[in-house]
Amino acid sequence: MAIFSEHEREHVMETLGELERNVKLIFFTQDFECESCRQSHELLKELADLSDKLSLKVYDFKEDKEIVEKYRIDKIPALAVEGEKDYGIRYFGTPAGYEFAALLENILDVSRGTVELSEETTEELQEIDSLIHIQVFVTPTCPYCPRAVRTAHKLAQANDWIQADMVSATEFPHLANKYDVFSVPKVIINEGIEFEGALPERHFVQHILMAASSRT
Amino acid sequence: MYDLAIIGGGPAALSGAVYAGRKRLDTVLIAKEIGGQLLLTSGIENYLGFESITGAELADKFANQMAQYDIDEIIGEKVVELFKQDYFFKIRTEGDQWSEARAVILASGKRSRTLNVPGERELTGRGVAYCATCDAPLFAGRKVAVIGGGNSAFEAVIDLLPIATEIFLIDIAPHWFADQILIDRIEESPKVKSFQLHRVVEILGERRVSEIVIEPIEGGEIKQFNVQGVFVEIGLVPNSEFVEGLVKMNQYQEIIVDCHARTNVPGLFAAGDVTDVPEKQVIISAGEGAKAALSAYRYLIRQKGQV
């Protein structure tokens with residue numbers, strides 16, 4: 001059964017009409033798909049069909065060990081959005097509900113190869129010289145979550161040291177439990193730094209800098 | 001310096017921005033987020049022109065319409081200070097960004113009211129929640145309490161019904177204020193235990209909520225329940241603190257406006273839920289925002305000759 005209605009399909013096609021360069025959706029699932037893997041897979045298949053500049057490549061979480069390792073995938077369903085290079089943009093869980101709009105914008109950014117960030121942020125990001133791993137926990141019914149996910153993904157695109165994951169709290173309840181996620185969006189940076197809410201870009205970056213400095 | 005600063009990002013502010021844009025006023029919109037309370041509304045069926053639309057979709061449409069005009073935006077910033085200096089206003093945000101404008105529309109809306117009981121602040125985000133739409137899915141298989149007796153409390157219970165194992169519904173009033181259609185939907189559920197005429201005394205927990213303590217408002221035995229979540233749905237308070245002492249407000253801290261959306265301060269207008277205009281509805285806020293922008297336009301035209 002089609003996931004997009006005719007109206008949604010038209011809207012998404014119109015948005016994807018703005019794509020500049022090719023974008024690869026690299027999806028990780030397994031032969032016997034979990035329920036949310038199947039849903040994600042369907043969604044991405046339909047999405048990739050809506051633009052010639054969008055392609056979908058599917059890997060098996062168990063079989064394709066090398067690729068799984070290369071993309072640092074430790075759970076499925078997982079998605080990497082790749083443009084000219086792998087920017088470290090990941091989605092763990094289905095990018096559905098409010099997150100779908102964030103995924104579309106993310107695809108446009110990757111296609112352009114640039115992101116809109118303030119001058120201060122761009123400057124501050126240059127200070128980073130060690131790996132930063134951002135996890136943004138979300139629920140599909142949270143209207144504030146896409147903003148936190150977008151900020152994290154933009155920062156990942158702007159800086160090679162940063163990997164940013166959207167993590168669905170309902171699809172990975174053990175992780176929600178591990179990180180005490182009782183409110184979304186909740187952001188975990190390098191295991192040590194955490195905050196709740198969709199903070200403005202500048203404040204988000206301050207937390208990243210804190211994480212970067214606590215490592216050195 | 002701008003002609004007009006609009007503070008807020010909900011229907012009143014966005015509608016005001018569209019009207020200001022059409023009058024070619026040099027305008028800045030300062031908001032924590034675009035959408036305001038629309039973002040917390042799952043379905044809207046009484047905004048003319050849309051039989052049924054989600055709050056987020058309507059917010060998007062409003063924002064797209066505003067984008068047709070040349071409006072500067074400062075988004076992600078809360079206004080913390082506003083004062084009048086000579087003939088213009090100075091506005092400061094949380095992040096210390098200053099703006100100046102000859103006229104201002106206050107459309108900063110409302111936010112969730114807090115209980116003000118021990119444990120609430122410390123455990124916010126640790127089980128105490130104010131956005132049931134966002135956070136309900138995180139409480140699968142857990143016991144929760146919902147505080148309040150109006151529509152938003154009942155909607156929170158309905159969101160939690162398929163997820164939580166037990167729901168304590170606690171309210172100080174003797175009867176529910178929610179629509180009967182919502183009351184009917186939850187009263188049949190064995191999961192829901194209701195406590196009317198009870199107040200919350202304390203929320204307990206170390207790293208996360210573990211218990212809630214309640215008592216009858218007329219005295220009597222204190223009750224304590226194991227819960228992992230407390231959803232506070234006891235109404236809203238106006239975001240008007242930053243103009244306290246500057247504009248006249250009513251007993252609920254709502255900004256008093258006349259039928260031209262004027263406050264008692266010349267050049268300072270207000271619209272939407274932050275004002276004392278009765279009935280907080282999207283369509284009413286949008287209309288009030290338009291009115292405030294037109295009033296501001298007239299004020300600016302008259303003021304130009306004097307400066």
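Throughout, protein chains are lettered first and strands after them, A, B, ... in sequence-line order, and every chain is numbered starting at 1.
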Interchain contact, Tyr144(A) with chain B, by part (heavy-atom threshold 4.5 Å): side chain

Check: Thr139(A) side chain, Asp135(B) main-chain N or O, donor-acceptor pair, under 3.5 Å: no

Main-chain N/O of Thr141(A) paired with Thr133(B) side-chain donor or acceptor, under 3.5 Å: no

Contact class of [X] relative to chain A, heavy atoms under 4.5 angstrom:
| X | result |
| --- | --- |
| Tyr130(B) | neither |
| Glu94(B) | neither |
| Arg208(B) | side chain |

Counting heavy atoms not belonging to [X], are there more than 12 under 6.0 Å from its [atom1]?
| X | atom1 | answer |
| --- | --- | --- |
| Arg185(B) | CZ | no |
| Lys61(B) | NZ | no |
| Lys78(B) | NZ | no |
| Lys62(A) | NZ | no |
| Arg121(B) | CZ | no |
| Asn64(B) | CG | yes |
| Asp96(B) | CG | yes |
| Lys110(B) | NZ | yes |

Leading residue by heavy atom contact count with chain A [cutoff under 4.5 Å; candidates Ala129(B), Gly125(B), Gly35(B), Gly127(B)]: Gly125(B)

Contact winner vs chain A - Ile75(B), Thr124(B), Asp60(B), Leu138(B), heavy-atom pairs under 4.5 Å: Leu138(B)

Residues which pass ring pair (Phe, Tyr, Trp, His ring centres under 6.0 Å) with Tyr47(B), listed by chain and number, not counting sequence neighbours: Phe62(B)

With sequence neighbours excluded, residues passing salt bridge (charged side-chain N to carboxylate O under 4.0 Å, His left out) with Lys280(B): Glu254(B)

For chain B, which residues of residues 169-186 of chain A have heavy atoms nearer than 4.5 angstrom: Ala169(A), Thr170(A), Asn177(A), Asp180(A), Val181(A), Phe182(A), Ser183(A), Val184(A), Lys186(A)

Would you mind writing out the side-chain donor-acceptor pairs for residues 103-112 of chain A within the sub-3.5 Å range, not counting sequence neighbours?
residue, atom, partner, partner atom, Å
Glu105(A), OE1, Arg150(A), NE, 3.0
Asn106(A), OD1, Tyr91(A), OH, 2.6
Asn106(A), OD1, His153(A), ND1, 3.4
Asp109(A), OD1, Arg112(A), NH2, 3.1
Asp109(A), OD2, Arg150(A), NH1, 3.2
Asp109(A), OD2, Arg150(A), NH2, 2.9
Ser111(A), OG, Glu20(A), N, 2.5
Ser111(A), OG, Arg21(A), N, 3.2
Ser111(A), OG, Arg21(A), O, 3.3

Exercise: identify the closest heavy-atom pair between Arg147(A) and Glu33(B): NH1-CB, 3.2 Å

Separation of His203(A) NE2 from Glu77(B) CD (nearest 0.5 Å): 6.0 Å

